[in-house]
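Please read the structure below before turning to the comments.
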Amino acid sequence: MEKIKMTTPLVEMDGDEMTRVIWKWIKDELILPFVDLKTEYYDLSLTNREATKDAVTVDAANANIKYGVSVKCATITPNRQRVEEYGLSEMWKSPNGTIRAILDGTCFRSPILTDFIKPFVRTWEKPITIARHAYGDVYKGTEYRVPGAGRAELSFKGEGGEEFKKTVFDFSGPGVLLSQYNTEKSIRSFAHTCFRYALDTKQDLWFSTKDTISKQYDQTFKLIFEEIYESDYKAKFEEVGITYFYTLIDDAVARVIRSRGGFIWALKNYDGDVMSDMVSTAFGSLAMMTSVLVSPDGKYEYEAAHGTVTRHYYKYLKGEETSTNPMALIYAWSGALRKRGELDGLSDLVHYADAVERSCIDTLKSGIMTGDLVSLVDGSVKPFKVTTTEFLFAVRANIEKNLEE
Ligand code: NAP
Ligand code: MG
């Protein structure tokens, strides 16, 4: 069979630990035999981020802006323990945070649904897509470990001379302090990207914040969404028959659990981070959650929602076979290649991406699956637990079959 041609390179961002191992397996088994793969490769492993003083992350994000589409492996966000483990000169920031800040994107996370894995929440029939604002707030916060008594103040000096100063707290002893920010530009892009994505996918859009407590910060998000909806999207939403709905985050949580799914839930950065883990776990497995970062000017970064699966990696290093689920990583590749195909008018590439996803579902349907899914399938499928490589071999065989048809 002749390999499928590409015209524009895909920006490839490699990562860490178990996902880095699986990354290569996916390329070798599922992509390179079928596609004449063109990528511009960036090694975002913690070792290389240290070696390049994290410049590689910025270069990768800029390449994403240049070419439009990237696929990213999971990467370690260093904490104190990692600084020791890897002998880091600095506690480098989260690569995802850096890339999101450069692309000013919104992260959409949706579960991969099958009809034989039932969500823990019995009422959910359709996917719930989390739209996470991927800029600012606590991810770009300035923190301080207050050593002892003293006054904390919040101050602003405008270029036009306006000044704001307020006492945050008079500490009588040690404590902690955090300031965070967002920009109106980013909140507006977030709103536009969410409204457009809702129109594209014909799903209702929900948005929730804690505006009753945060009367300036969160309230600003709420008002900007309202204003943009009224001026730019209300008529289009009515035409397509979808709705925009704002509610307090506490109320949203209760409604989401009782809902049937099938909508986009837009959330601020931290809320989206936490809720997407909750929603994906409730849908089955973190390994069945896909993620795409969309910038306001239409740049895409595809990734899995899970991390580097450290516990499995340590087993792998000891020479043990692991049953780590590669589904979300495979979907990151298929999603990115499909988008590349759509943008470049390569119908073969689009067809291949569809075949990859169909082959994954066919494999699961035949009962071949990794350990995390075994206890989740209903009676219609008899599960056989396999290792990651065995799963990939089975998917490859199905791709060969599906591409012939
Ligand atoms: P994690 O890598 O997502 O893994 C947490 C647990 O979830 C695993 O131990 C495993 O459970 C299960 N799991 C996740 N993905 C799985 C898969 N594909 N197949 C089977 N089981 C899976 O999260 P973490 O352990 O909190 O974080 C590890 C590292 O990843 C950290 O250094 C963190 O900074 C990084 N991280 C990166 C990203 C990213 O780049 N997007 C996101 C999150 C975390 P069992 O152990 O019970 O099998
Ligand atoms: Mg998270």
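Residue numbers start at 1 and run along the sequence shown. These figures come from a predicted structure and were not determined experimentally. Indexing begins at 1, ligand by ligand and atom by atom, following the structure's order.
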Ligand-side contact atoms (ligand 1) for residue partner [X], heavy atom cut-off under 4.0 Å:
X      : value
Thr324 : 17 (C), 18 (N), 19 (N)
Lys72  : 40 (O)
Ala74  : 40 (O)
Ala287 : 16 (C), 17 (C), 18 (N), 19 (N)
Glu303 : 41 (N)
Leu286 : 3 (O)

Before signing off on this row, confirm whether [X] and ligand 1 have an N or O atom pair separated by under 3.5 Å.
X      : result
Asp372 : no
Thr77  : yes
Gly307 : yes
Glu17  : no
Ser323 : no
Val309 : yes

Tell me which part of [X] gets within contact of ligand 1: side chain, backbone, both or neither, using heavy atoms under 4.0 Å.
X      : answer
Arg311 : side chain
Thr75  : both
Asn79  : neither
Met327 : neither

Do Tyr233 and Phe195 make the cut of ring centroids closer than 6.0 angstrom? yes
From Asp16 atom CG to Arg82 atom CZ, the distance as rounded to the nearest 0.5 Å: 7.5 Å
Which residues satisfy the side chain to side chain contact (heavy atoms under 4.5 Å, CB included) test with Ser366, sequence neighbours excluded? Ile368
Side-chain donor-acceptor contact under 3.5 Å, Tyr42 with Glu40: yes
Side-chain donor-acceptor pair present, Ser291, Arg109, cut-off under 3.5 Å: yes
For Leu392 and Ile330, work out which heavy atoms get closest and say how close. CD2-CD1, 3.8 Å
Kindly give the heavy-atom pair with the smallest separation between Ser285 and Leu373, and that separation in Å. CB-CD2, 4.0 Å
Looking at Lys93 and Asp54, does any basic side-chain N land under 4.0 Å from a carboxylate oxygen? no
Identity of the nearest option to atom 39 (C) of ligand 1, non-hydrogen atoms only, from Asn96, Thr388, Ile22: Asn96
Students often mix this up, so state it plainly: with edges at 30° and 60°, are the rings of Phe108 and Tyr197 parallel, tilted or perpendicular? parallel
Test side-chain hydrogen bond (donor to acceptor under 3.5 Å, both in side chains) applied to Trp265 and Ser208, step by step: CA-CA 8 Å; Trp265 185 14; Ser208 52; 2.9 Å; yes
